[in-house]
Q: 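First the structure, which I've put down as structure tokens, then a few questions once you've had a look.
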Amino acid sequence: MFYLDDIGRYFLMIKGVFSRMTKGSVLRTLIFKEIDDLIIGSIGITVFLAFFIGAVVAIQTALNLTNPLIPKQLIAFASRQSVILEFAPTFISVIMAGKVGSFITSSIGTMRVTEQIDALEVMGINSLNYLVFPKIIAMLMYPFVIAIAMFVGIFGGYIAGVYGGFVSSSEFITGLQDEFVPFHLVYAFIKTFLFAFLLATIPSFHGYYMKGGALEVGKASTAAFVWTTVVIVISNYILTQLLLSA
Amino acid sequence: MIEVNDIHKAFHGEEILKGITTTFHRGKTNLIIGTSGSGKTVFLKCLLGLFTPEKGTISYDGENYSELDEEEKRRLRQRMGMVFQGSALFDSMTVEENIMFPLKMFTRQKKSEMMDRANEVIDRVNLENANKKLPSEISGGMQKRVAIARAIVTRPKYLFCDEPNSGLDPNTAMVIDNLIQEITVENDITTVINTHDMNSVMEIGEKIIFLKKGFLEWEGDKTQIFKTDNEAVTNFVYSSNLFKKVRKAQLQGF
């Protein structure tokens with residue numbers, strides 16, 4: 001019953017976010033600020049993680065290809081498929097649940113504790129729209145972060161594969177082009193859009209409805225990370241079943 | 001003028017406000033006092049429209065809040081200013097941006113007009129050289145001044161203050177009290193202050209209501225409160241050693 005109550009409140013929050021819109025000029029400023037905080041601020045860590053994930057995938061694949069009959073370009077093929085289908089959209093989103101999610105929960109939670117949300121409400125402002133809507137719009141840019149992660153991940157695989165002496169440059173490039181299915185990119189970006197929405201709204205929910213003081217802000221941030229990760233993993237399973245198993 | 005008629009408010013089955021009826025007059029500083037847990041904050045939040053009472057009515061210059069639609073409620077709230085206990089300034093904005101925020105949200109003024117109005121209220125609350133500073137870079141007293149400036153920048157008809165003196169030294173507290181009273185008279189607004197500071201009661205208590213366990217126990221003004229026989233009020237008023245000595249001297253005929 002407790003979880004049902006929370007789920008119900010989450011959907012009521014979503015309804016509240018899209019009602020009584022804040023003045024356009026104010027929203028524009030807020031959206032640019034959120035893009036800076038949530039998107040631009042995440043590119044560095046994403047590039048770093050994606051490069052090394054791609055590199056490790058390439059090395060692991062190479063080290064497990066002991067049969068001489070299996071062509072070396074399979075290293076590139078495996079790197080591409082792993083990075084595009086799972087590592088970039090899902091793994092990076094789980095990392096972002098920690099980085100972006102805890103930032104959103106703690107910033108909104110602190111506003112709750114210090115009565116800044118009450119101040120917005122007293123002024124007659126829809127605080128949900130003012131605080132959460134710009135985050136949702138900013139997170140529409142999240143697929144660009146994932147696209148960068150895909151590119152850098154594959155590039156990391158290339159560097160590790162070629163300069164580690166596991167595969168030649170031409171074999172790697174040939175492997176990258178082998179049996180490429182464009183729909184896999186569509187699948188990855190459909191997932192990314194859903195994850196972006198979850199990354200913006202679940203941490204906002206935990207921050208907005210928190211009660212208490214500084215300690216509770218910390219607890220809310222942890223809960224936001226856990227629940228965002230859980231929902232991302234479950235929705236990843238459902239979307240994969242729906243889009244790829246058909 | 002704010003007229004409160006028999007309001008009741010409960011949380012999880014426990015009744016916090018048990019039928020309060022009173023009137024807050026325009027151009028006067030109206031104080032809500034009472035011990036912790038007496039329902040002061042809940043009452044103030046009902047006046048602000050943040051809590052909806054289960055029973056009773058609150059009318060603002062004849063407009064019954066519960067009968068207004070959402071848009072009318074929003075418009076009414078835009079005529080309210082609020083000074084929160086912890087100031088509730090937006091910490092990502094400078095002092096100037098905090099003060100201009102309500103103007104940005106609710107008016108179509110040019111930036112220069114907003115700046116002029118912001119500077120006008122900054123002067124009024126005696127805030128100097130703080131325009132470009134963040135709230136974290138100024139003192140508690142200055143934060144209160146910024147909060148007052150933000151509350152009055154849109155020329156509200158109703159001003160609400162929740163413990164405006166908490167955390168301030170006695171001198172600064174007195175300055176803030178006097179500032180609120182002056183602004184109330186100058187702008188002819190209805191000011192309601194939630195406090196348990198007896199200095200405020202003595203300085204600016206033009207109308208005082210005393211809450212006890214959700215009931216309105218007593219109402220009067222700053223001279224009547226020192227003469228009342230109501231035991232709960234005298235216990236509250238003479239709870240500090242200084243006031244106890246004053247009371248003793250009064251009773252001995254000094």
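The basis for the numbers below is simple: all heavy atoms, side chains too, and nothing from hydrogens, waters or symmetry mates. Chain naming here is simple, since letters A, B, ... match the order of the sequence lines and numbering starts at 1 in each.
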Q: Just checking A/Phe18: does its CZ atom have more than 12 heavy atoms from other residues, nucleotides or ligands closer to it than 6.0 angstrom?
A: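 Enclosed.
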Q: Which residues in residues 110-121 of chain B have any heavy atom lying under 4.5 Å from a heavy atom of chain A?
A: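 Under the 4.5 Å heavy-atom cut-off, nothing qualifies.
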Q: Counting heavy-atom pairs under 4.5 Å with chain A, which one of B/Met82, B/Met105, B/Met80, B/Lys104 comes out on top?
A: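 Going by pairs under 4.5 Å, I would pick B/Met105.
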Q: In the structure I gave you, are the side-chain heavy atoms of A/Met123 and B/Arg74 within less than 4.5 Å of one another anywhere?
A: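 They are not in side-chain contact.
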Q: Side chain from CB out, backbone as N, CA, C, O: work out which of these in B/Leu89 comes under 4.5 Å of a heavy atom of chain A, or both, or neither.
A: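 Looking at B/Leu89, just its backbone touches chain A.
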Q: Between A/Ala119 and B/Phe90, which heavy-atom pair has the shortest distance, and what is it?
A: CB-CZ, 4.4 Å
Q: Chain B: which of A/Ile117, A/Thr114, A/Thr110, A/Val122 shares the most heavy-atom pairs with it under 4.5 Å?
A: A/Val122
Q: CD of A/Glu115 to OG of B/Ser87: how many Å apart, nearest 0.5 Å?
A: 9.5 Å
Q: In Å and rounded to the nearest 0.5 Å, what is the CD to CZ distance from A/Gln116 to B/Phe84?
A: 10.0 Å
Q: Above 12 or not: heavy atoms from other molecules or residues under 6.0 Å from NZ of B/Lys9?
A: yes
Q: Is atom CZ of A/Arg28 surrounded by more than 12 heavy atoms (other residues, nucleotides or ligands) closer than 6.0 Å?
A: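 Atom CZ in A/Arg28 is not packed in, count stays at 12 or less.
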Q: Against chain A, label B/Glu71 side chain, backbone, both or neither, depending on which of its atoms sit under 4.5 Å from a heavy atom there.
A: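 Contact with chain A involves no heavy atom of B/Glu71 at all.
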Q: Assess whether atom CZ of A/Phe155 is packed by more than 12 heavy atoms of other residues, nucleotides or ligands within 6.0 Å.
A: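 Open.
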Q: Treating A/Lys23 as the side-chain partner and B/Thr107 as the backbone partner, does any N or O pair qualify as donor plus acceptor under 3.5 Å?
A: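 Flag set: sc A/Lys23 to bb B/Thr107 pair under 3.5 Å.
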Q: Just wondering, do B/Arg77 and A/Glu121 contact through their side chains at under 4.5 Å, heavy atoms?
A: yes
Q: Can you confirm whether more than 12 heavy atoms, excluding those of A/Phe183, are under 6.0 Å from its CZ atom?
A: yes
Q: Check this for me: A/Phe189, atom CZ, are more than 12 non-hydrogen atoms of other residues, nucleotides or ligands nearer than 6.0 Å?
A: yes
Q: Please state whether the side chain, the backbone, both or neither of B/Lys45 comes within less than 4.5 Å of a heavy atom of chain A.
A: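 For B/Lys45, the side chain is the part near chain A, not the backbone.
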Q: Taking atom CZ of B/Phe106 as the centre, report whether more than 12 heavy atoms of other residues, nucleotides or ligands fall under 6.0 Å from it.
A: yes
Q: Taking atom NZ of A/Lys99 as the centre, does the number of heavy atoms from other residues, nucleotides or ligands within less than 6.0 Å exceed 12?
A: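 Result for NZ/A/Lys99: enclosed.
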Q: With side chains defined as the heavy atoms from C-beta onward, is the minimum distance between B/Phe101 and A/Ile125 less than 4.5 Å?
A: yes
Q: Any idea which of A/Val26, A/Leu120, A/Asp118 has the most non-hydrogen atom pairs under 4.5 angstrom with chain B?
A: A/Asp118
Q: Side chain from CB out, backbone as N, CA, C, O: work out which of these in B/Arg79 comes under 4.5 Å of a heavy atom of chain A, or both, or neither.
A: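 No part of B/Arg79 comes within 4.5 Å of chain A.
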